[in-house]
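Keep in mind the model is a prediction, meaning the values are calculated, not measured. Each chain gets a letter, A, B and so on, in the order the sequences are listed, and its residues count up from 1.
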Amino acid sequence: MEKVRIGFYALTSCYGCQLQFAMMDEIVQLLDKANIECWFMVDRDSDEEREVDIAFIEGSVSTQEEIELIKKIREKAKIVIAVGSCAIHGGVQSWGKDKELEELWKTVYGDGRVKFEPKMAEPVENYIKVDYKLYGCPPEKKDFLYALGTFLIGSWPEDIDYPVCVECRLNGNPCILIEKGEPCLGPLTTAGCDARCPSFNIACIGCRGAVGYGVAWFDSLAREFKKKGLTKEEILERMRIFNAHNPKLEEMINKVFEEGE
Amino acid sequence: MRYVKLPKENIYDFLERLKDYGKLYAPVKISEKFYDFREVDDVKKIEFHYNRTIMPPKKFFFLPREKMFEFSISKAEYKETIENVEPFVVFGLHACDIFALKIMDTIYLDEFPDKYYKVRREKGIIIGISCMPDEYCFCNLRETDFADDGFDLFLHELPDGYLVRVGTPIGHRIVDKSIKLFEEVTSQDICDFREFEKKREESFKYHEDWGSLRYLLELEMEHPMWDEQSELCLACGNCNTTCPTCRCYEVQDIPNLDGDTGVRIRRWDSCQLRSHGLVAGNHNFRPTKRSRFMNRYLCKNSYNEKLGLSYCVGCGRCTYFCPAGISFVKNLRTIMGLEDKSCPPEISEEIPKRGFAYGGAKQ
């Protein structure tokens with residue numbers, strides 16, 4: 001069997017996604033199945049110019065140079081996988097999406113200068129076609145193994161299109177949203193984390209991003225939060241942490257606050 | 001049927017002895033308000049007056065997540081991974097949950113038995129307990145408020161103990177082995193039992209005829225309730241994952257990194273999720289939240305011919321555990337014209353153009 005050529009590329013991020021995967025014991029099993037063409041964290045002999053079968057991209061697109069890089073990756077890769085919340089949803093760095101770039105820059109770097117051209121953080125999908133997504137901040141090892149394993153047998157992995165609540169119930173947890181009235185984002189958020197935070201009695205903050213396919217009901221959940229006394233700003237602030245680029249978010253929340261009592 | 005009395009002072013001895021039959025599971029408090037069936041070490045922690053558990057007892061037989069088999073692509077083989085299940089005892093099921101298991105049996109034991117369910121069902125000892133309904137209960141309207149069978153023992157609360165109905169040979173054995181814990185039923189006990197049942201019957205919130213429900217649901221597919229209520233729905237699936245009779249599961253193959261072997265797993269599914277109606281070619285039987293919302297109402301109120309019951313046993317979980325506060329009962333009563341506020345004056349004039357299977361193509 002011919003070896004699968006793999007590349008792992010990083011845009012603006014904390015590098016936590018690739019660290020998560022680089023530290024997997026199972027990665028050893030890959031050695032006779034795959035050639036790592038480009039993955040600077042694990043292989044010194046990496047080259048962004050090589051062609052690959054599967055390209056993993058982490059990080060948000062935050063510079064002009066990164067736009068060029070991902071366009072190049074798209075051309076050289078058969079399958080492009082966006083990895084983690086930054087690549088998929090723009091990451092927490094998109095939280096301040098409504099602010100001016102200048103203001104954000106000043107807050108973080110003051111008068112510091114860099115050799116690249118900064119821009120507002122965006123999801124990879126805003127620039128190139130993404131074939132598959134590994135959600136999370138960081139993503140789950142099991143999702144990575146599942147996706148790779150499925151590609152290796154020549155099949156296509158399933159996307160996760162259901163919310164955290166499903167896994168929370170399967171685990172037998174009490175429901176934080178009902179019982180404590182805390183603004184748990186479980187109903188909106190893509191499952192796969194095995195409801196990690198709610199299992200520790202902590203309301204979901206939505207780090208895996210809202211479920212796709214138009215089935216993240218920001219409006220219905222905002223209505224519940226509103227009943228519990230949260231203001232529109234508080235609701236937006238919380239839901240935006242990992243969903244700033246979701247086109248439905250504001251529209252749906254505005255609708256709820258226009259409904260009146 | 002055999003009847004014995006378990007005096008109150010013997011209940012904990014009795015529970016302790018149940019552990020001789022295997023692991024003991026019983027309702028305990030898992031948080032401020034919620035209960036669940038958990039393995040019990042200290043029998044004093046058992047809650048005798050719980051309202052409902054967040055996970056239905058089907059979880060012991062139809063596991064929330066389960067490995068089904070291991071496969072090898074190169075060998076074109078698969079090996080079922082059916083566990084060697086040890087006997088276990090589930091104490092404290094309410095009548096509705098016992099009926100729910102009977103409904104599950106009609107799906108998973110009759111005709112094409114599900115091996116994974118069967119092996120657990122055969123090893124599980126079921127001990128029921130009487131209950132007082134709260135405002136969410138409507139098992140009386142579902143005719144699932146009193147279990148005639150489906151249990152090994154059933155405990156009915158009396159002021160000074162329990163009247164115990166013995167339902168199976170295993171139930172007899174449990175009683176016989178601890179016969180010193182039991183007494184004969186007295187005429188006072190019978191009076192107390194009758195009194196309890198009377199009080200219980202009166203405690204239900206609704207006393208009405210739901211005979212028209214099944215056909216009104218089918219006729220009222222364009223009722224405004226569907227739009228209004230599905231708009232509130234979070235599509236989180238809680239109503240399904242807490243339901244004692246929801247039986248759909250989702251299957252997934254997880255290949256290993258060797259490009260050859262792997263496992264097939266399954267987990268509880270929910271018809272409120274997009275992928276439930278998704279089929280090849282990216283077609284979806286239920287493409288909208290409204291259509292998925294309706295599906296549960298129609299499924300739960302359809303008729304189980306073997307038992308002559310609806311698939312809903314009236315446990316109240318789907319309402320109690322709905323984060324959006326949607327009331328299943330209220331919505332059904334709206335359809336039947338029993339809720340004043342939004343009940344239709346009569347059956348809507350227009351005959352629906354879409355039948356059961358196609359209900360709710362509307363956006």
Trainee: With side chains defined as the heavy atoms from C-beta onward, is the minimum distance between Leu234(B) and Pro163(A) less than 4.5 Å?
Mentor: no
Trainee: Which bit of Asp219(A) comes within less than 4.5 Å of chain B, counting heavy atoms only: side chain, backbone, both or neither?
Mentor: side chain
Trainee: Starting from the C-alpha separation in whole Å, work towards a yes-or-no answer on side chain to side chain contact (heavy atoms under 4.5 Å, CB included) for Glu26(A) and Leu257(B).
Mentor: CA-CA 8 Å; Glu26(A) 294 86 347; Leu257(B) 286 183; 4.2 Å; yes
Trainee: In terms of side-chain heavy atoms, does Ser31(B) have a donor or acceptor partner in Lys180(A) at a distance below 3.5 Å?
Mentor: no
Trainee: Decide yes or no on side chain to side chain contact (heavy atoms under 4.5 Å, CB included) for Arg267(B) and Leu170(A), but give the supporting numbers first.
Mentor: CA-CA 8 Å; Arg267(B) 65 151 172 85; Leu170(A) 261 50; 3.9 Å; yes
Trainee: For Phe69(B), does the CZ atom have more than 12 heavy-atom neighbours from other residues, nucleotides or ligands under 6.0 Å away?
Mentor: yes
Trainee: Might you confirm whether atom NZ of Lys78(A) has over 12 heavy atoms from other residues, nucleotides or ligands at distances under 6.0 Å?
Mentor: no
Trainee: Side chain, backbone, both or neither: which part of Asp253(B) has a heavy atom under 4.5 Å from chain A?
Mentor: backbone
Trainee: Indicate the atoms forming the closest heavy-atom contact of Asp161(A) with Arg274(B), along with that distance.
Mentor: OD2-NH1, 2.6 Å
Trainee: How long is the span from the SG atom in Cys236(B) to the CH2 atom in Trp217(A), to the nearest 0.5 Å?
Mentor: 13.0 Å
Trainee: More than 12 heavy atoms of other residues, nucleotides or ligands under 6.0 Å from NZ of Lys141(A): yes or no?
Mentor: yes
Trainee: How close do Tyr146(A) and Pro255(B) get, heavy atom to heavy atom, and via which atoms?
Mentor: CD1-CD, 4.1 Å
Trainee: Surrounding CG of Asp42(B) (heavy atoms of other residues, nucleotides or ligands, distance under 6.0 Å), is the total greater than 12?
Mentor: yes
Trainee: In terms of heavy-atom pairs under 4.5 Å with chain A, which of Asp36(B), Leu63(B), Leu232(B) leads?
Mentor: Leu232(B)
Trainee: I'd like to know if the side chain of Arg223(A) reaches the main chain of Glu231(B), judged simply by a donor and an acceptor atom lying under 3.5 Å from each other, with no hydrogens or angles considered.
Mentor: yes
Trainee: Kindly indicate whether the side chain of Ile178(A), heavy atoms from C-beta on, has any atom under 4.5 Å from the side chain of Phe34(B).
Mentor: yes
Trainee: Please find the pair of heavy atoms, one from Cys165(A) and one from Asn238(B), that lie closest to each other, and give the distance.
Mentor: CB-OD1, 4.1 Å
Trainee: Using heavy-atom distances under 4.5 Å, tell me whether Ile73(B) contacts chain A through its side chain, its backbone, both, or neither.
Mentor: side chain
Trainee: For atom CZ of Arg196(A), decide whether the heavy atoms of other residues, nucleotides or ligands shown that lie under 6.0 angstrom number more than 12.
Mentor: no
Trainee: Write down the atom of Ile54(B), the atom of Gly172(A), and the distance for their closest heavy-atom approach.
Mentor: CG2-O, 4.4 Å
Trainee: To the nearest 0.5 angstrom, please state how far the OH atom of Tyr162(A) sits from the NE2 atom of His276(B).
Mentor: 13.5 Å
Trainee: Are Arg292(B) and Val215(A) close enough, and set up right, to give a side chain to side chain contact (heavy atoms under 4.5 Å, CB included), and what steps lead you there?
Mentor: CA-CA 12 Å; Arg292(B) 295 188 280 269; Val215(A) 294; 3.5 Å; yes
Trainee: With a 4.5 angstrom heavy-atom cut-off, is it the side chain or the backbone of Gln252(B) that approaches chain A, or both, or neither?
Mentor: both
Trainee: Test your reading of the model: is there a side-chain donor-acceptor pair from Ser270(B) to the backbone of Val166(A), 3.5 Å cut-off?
Mentor: no
Trainee: Tell me, for Leu177(A) versus chain B, whether the close heavy atoms (under 4.5 Å) come from the side chain, the backbone, both or neither.
Mentor: side chain
Trainee: Take atom NZ of Lys23(B) as the centre, draw a 6.0 Å sphere, and report whether it contains more than 12 heavy atoms from other residues, nucleotides or ligands.
Mentor: no
Trainee: Surrounding NZ of Lys228(A) (heavy atoms of other residues, nucleotides or ligands, distance under 6.0 Å), is the total greater than 12?
Mentor: yes
Trainee: Shorter than 4.5 Å, heavy atoms on both sides: which option in Gly149(A), Gly154(A), Ser220(A), Ala191(A) has the most such pairs with chain B?
Mentor: Ser220(A)
Trainee: Return the CG to CG distance between Leu152(A) and Asn256(B), rounded to the nearest 0.5 Å.
Mentor: 10.5 Å
Trainee: Go through Thr242(B) and Arg169(A) one step at a time and tell me if the side chain to side chain contact (heavy atoms under 4.5 Å, CB included) criterion holds.
Mentor: CA-CA 7 Å; Thr242(B) 63; Arg169(A) 291 291 79 69; 3.9 Å; yes
Trainee: Check the surroundings of atom CD in Glu32(B): do more than 12 heavy atoms from other residues, nucleotides or ligands lie under 6.0 Å from it?
Mentor: no
Trainee: Given 3.5 Å as the limit, does a donor-acceptor pair link the side chain of Glu179(A) with the main chain of Lys33(B), or not?
Mentor: yes
Trainee: Quick one: what part of Asp269(B) sits under 4.5 Å from any heavy atom of chain A, side chain, backbone, both or neither?
Mentor: neither
Trainee: Check this for me: does any side-chain nitrogen of one of Asp194(A) and Arg65(B) sit under 4.0 Å from a carboxylate oxygen of the other?
Mentor: yes
Trainee: How many angstroms lie between OG in Ser74(B) and CD1 in Ile153(A), if you round to the nearest 0.5 Å?
Mentor: 11.5 Å
